[in-house]
Amino acid sequence: MNTNPKKGKFRLSKKVSMAILITIILIFTLIMSIDIPSGNDPTYDVYQLSDENKLIVYTAHKPEIYEPIIQEFEARTGIWVEVVSGGTSEMLELIKSESESVNADIMFGGGVDSLDSYSSYFEPYESANSYILDDSYASKTSAYTVFSSLPTVFIYNTKLINYNERPKSWSKLLSGSYNGEIAFADPCTSGSSYTAMMTMLQVLSDDLSGTSDNASSSSDNTSGSSNNLSSNSSSGSFSDMTYDELLSLFMEALDGDILESSSDVVTEVIAGRKTIGITTEEVARKNIALGANIEMVYPSDGTAALPDGCAIVKGAKHIDNAKTFIDFVTNLQVQTYLSQYQYRRSVRQDIEAESDINVIIYDIDKAGLLRSDILDSFTKIKESY
């Protein structure tokens with residue numbers, strides 16, 4: 001009898017097989033007996049932060065702005081930040097809709113004119129750095145704190161427009177010479193576009209000036225009020241127009257083509273699909289530094305250098321952390337970083353900025369008061385175009 005097993009086959013004894021089976025059953029039973037908490041279990045906080053170390057930030061900033069600042073804030077304070085981002089109007093409307101069940105602690109970004117329009121949803125706070133901040137656009141009720149200054153500018157594609165043909169003023173932009181060539185984002189969703197449009201209306205129309213009591217220029221070569229700007233030789237033909245008439249003329253210049261996002265403006269101009277864009281100084285300078293085929297123009301008949309800001313949401317669950325955040329983003333180190341690396345003008349008076357542009361005092365009160373009417377008119381004109 002051949003007692004050797006067949007070549008290529010291997011058999012376990014019954015005792016060994018039974019031992020392995022019992023071991024597998026014991027391991028499976030042990031695993032099933034472990035109480036693994038569900039992610040939906042409110043007591044499950046292994047990966048959750050304690051409330052005292054959290055901050056929920058709603059922001060209209062792009063990641064390249066908020067990410068390095070928030071990372072440094074977390075490292076310095078031990079407070080961990082949850083970010084929800086979107087357009088200015090989108091974030092403000094979200095805060096409004098959540099007013100009965102507050103989620104956000106702070107709104108970071110958005111022009112102060114937009115923040116002022118939603119001031120009833122914000123908790124008053126005066127930053128520890130308020131004494132050194134530019135108070136030109138300070139909130140009368142401390143509803144927001146200024147963060148950085150963002151002049152409105154034109155950009156143009158240098159391959160498609162000669163230097164001498166560039167638009168130099170708002171009045172030139174609406175002259176008909178550039179109809180259909182202008183990139184502009186929807187002011188109903190973009191805070192910077194709303195600011196730009198209101199700047200244009202304030203500069204050109206007596207119907208929206210009326211800031212002569214407090215208007216002054218920030219540079220040596222300008223003086224007077226926006227009334228003076230709207231009645232000068234370059235824009236006199238527009239000064240008697242109502243804002244509805246100017247909006248209709250503006251829509252003609254845009255040829256009814258409104259971009260979804262403010263970031264689309266520079267993209268369209270660089271690509272040559274549009275030759276001119278209305279954007280902020282920060283966006284223009286950043287793309288020029290990257291080698292984009294664009295140049296920047298400060299409107300000669302006046303532009304606003306309106307700040308964006310941050311505001312604590314009324315009913316915030318982490319209000320002390322929100323106050324710490326505002327003090328952090330307005331400190332000297334962060335503001336210097338904005339000026340040197342992010343092409344933004346600081347709002348601190350101890351950091352120098354260029355002053356060779358024709359800056360008007362933007363009427364925040366009127367911009368807030370007329371916001372709904374202006375945007376409704378703009379939308380109706382767009383729909384009927």
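With salt bridges taken as basic N to acidic carboxylate O contacts below 4.0 Å, none links Arg166 and Glu295.
One hydrophobic cluster, built from ILVMFWY side chains closer than 4.5 Å, cannot hold both Leu332 and Phe73; they sit in different ones. The hydrophobic clustering, which links ILVMFWY residues whose side-chain heavy atoms are closer than 4.5 Å, places Ile351 and Leu306 apart. Residue Met296 is grouped with residue Val359 when hydrophobic side chains (ILVMFWY) are merged at heavy-atom distances under 4.5 angstrom, including chains of intermediate members. Taken together through direct or relayed side-chain contacts under 4.5 Å among Ile, Leu, Val, Met, Phe, Trp and Tyr, Tyr343 and Val265 form parts of separate hydrophobic clusters. Leu160 and Val297 fall into different hydrophobic clusters, where Ile, Leu, Val, Met, Phe, Trp and Tyr residues are linked whenever their side-chain heavy atoms come under 4.5 Å apart, directly or through other members.
In this structure, CD1 on Ile374 lies 5.5 Å from CG on Leu201, to the nearest 0.5 angstrom. To the nearest 0.5 Å, atom CG of residue Asn321 and atom CD1 of residue Ile312 are 10.0 Å apart. Distance check, rounded to the nearest 0.5 Å: CD1 of Ile278 to CG of Leu173 gives 5.0 Å. For the atom pair Phe122 CZ and Ile106 CD1, the distance stands at 9.5 Å (nearest 0.5 Å). The distance from the CD1 atom of Ile65 to the OG atom of Ser85 is 13.0 Å, given to the nearest 0.5 Å. Atoms CZ and OG, from Phe147 and Ser346 in turn, are 9.5 Å apart once rounded to the nearest 0.5 Å.
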Requested in this report: Please assess Lys286 against Gln342 for the test side-chain contact (heavy atoms from CB on, under 4.5 Å), listing each intermediate value before the final yes or no.
Outcome: CA-CA 7 Å; Lys286 190 172 289 184; Gln342 292 292 350; 2.9 Å; yes
Query raised in the report: Leu204 and Met241: side-chain contact (heavy atoms from CB on, under 4.5 Å), yes or no, with the steps?
Result: CA-CA 8 Å; Leu204 296 180; Met241 297 177 70; over 6 Å; no
Requested in this report: Quick one: do Phe250 and Trp170 satisfy ring-ring contact (aromatic ring centres under 6.0 Å, His included)? Show the steps, please.
Outcome: CA-CA 10 Å; Phe250 185 43; Trp170 293 106; 7.5 Å; no
Report task. Using the side-chain contact (heavy atoms from CB on, under 4.5 Å) rule, take Thr330 and Arg348 through it: C-alpha gap first, then chi angles, then the decisive distance, then the call. Result -> CA-CA 8 Å; Thr330 54; Arg348 288 183 64 102; 5.5 Å; no
Requested in this report: Might you work through the side-chain contact (heavy atoms from CB on, under 4.5 Å) test for Thr189 and Glu90, ending with a clear yes or no?
Outcome: CA-CA 7 Å; Thr189 57; Glu90 178 187 1; over 6 Å; no
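In plain terms, the two heavy atoms of Ser169 and Ser300 that are nearest each other are CB-OG, 3.5 Å. Minimum interatomic distance between Ala253 and Leu174 (heavy atoms only, all atoms of both residues): CB-CD2, 4.0 Å. When all heavy atoms are compared, the tightest approach of Lys314 to Ser120 is NZ-O, 3.2 Å. A pairwise comparison of heavy atoms in Pro63 and Pro68 identifies O-CD, 3.8 Å as the closest pair. Shortest non-hydrogen contact noted between Ala183 and Leu259 is CB-CD1, 3.9 Å. Closest approach of Ala60 and Gly109 over heavy atoms only: CB-C, 4.3 Å.
Geometrically, Arg371 engages Tyr194 in a cation-pi contact defined by less than 6.0 Å to the ring centre and at most 45° from the axis.
Using a 4.5 Å heavy-atom cutoff, the side chains of Phe378 and Asp376 are not in contact. Contact check for Leu375 versus Pro187: side-chain heavy atoms found under the 4.5 Å cut-off. Residues Cys310 and His61 have side chains not in contact (no heavy-atom distance under 4.5 Å, counting atoms from C-beta outward). Within the 4.5 Å cutoff, no side-chain heavy atoms of Pro307 are placed close to those of Asp134. In this structure, Thr303 and Val203 have side chains that are not in contact, with every pair of non-hydrogen atoms separated by 4.5 Å or more. Side-chain contact between Leu369 and Lys366: absent, with no pair of heavy atoms (C-beta onward) separated by less than 4.5 Å. Residues Lys317 and Asp105 meet the side-chain proximity criterion, which asks for heavy atoms closer than 4.5 Å. The side-chain heavy atoms of Tyr137 and Ile361, taken from C-beta on, include a pair separated by under 4.5 Å.
Crowding of Tyr341 atom OH: a count of heavy atoms from other residues, nucleotides or ligands under 6.0 Å not exceeding 12. With a 6.0 Å radius and a threshold of 12 heavy atoms from other residues, nucleotides or ligands, Glu126 has its CD atom at or below the threshold.
Defined by atom type and a distance below 3.5 Å, a donor-acceptor pair is missing between the side-chain atoms of Asn358 and Asp301. Judged purely by distance below 3.5 Å, without hydrogens or angles, the side chains of Thr242 and Asp244 never pair a donor atom with an acceptor atom. For the residue pair Ser127 and Asp327, a side-chain donor N or O sits within less than 3.5 Å of a side-chain acceptor on the partner. In the model, Asn103 has a side-chain atom that pairs as donor or acceptor with a side-chain atom of Tyr58 under 3.5 Å. Donor-acceptor pairing under 3.5 Å is recorded for the side chains of Ser148 and Asp308.
The backbone N or O of Val313 lies less than 3.5 Å from no partner atom in the side chain of Glu123, so there is not a single donor-acceptor pair. Under the 3.5 Å distance criterion, the side-chain polar atoms of Thr199 are matched with a main-chain donor or acceptor of Thr195. Side-chain atoms of Ser339 do not come within 3.5 Å of backbone N or O of Gln335 as any donor-acceptor pair. The main-chain N or O of Val112 is never found under 3.5 Å from a side-chain atom of Asp116 such that the two would form a donor-acceptor pair.
Partner of Phe325 under the ring pair (Phe, Tyr, Trp, His ring centres under 6.0 Å) criterion, out of Trp80, Phe108, Tyr66, Tyr125: Phe108 alone. In summary, of the residues considered (Thr267, Asp257, Asp264, Asn157), a side chain to side chain donor-acceptor pair (under 3.5 Å) with Lys274 occurs for Asp257 alone.
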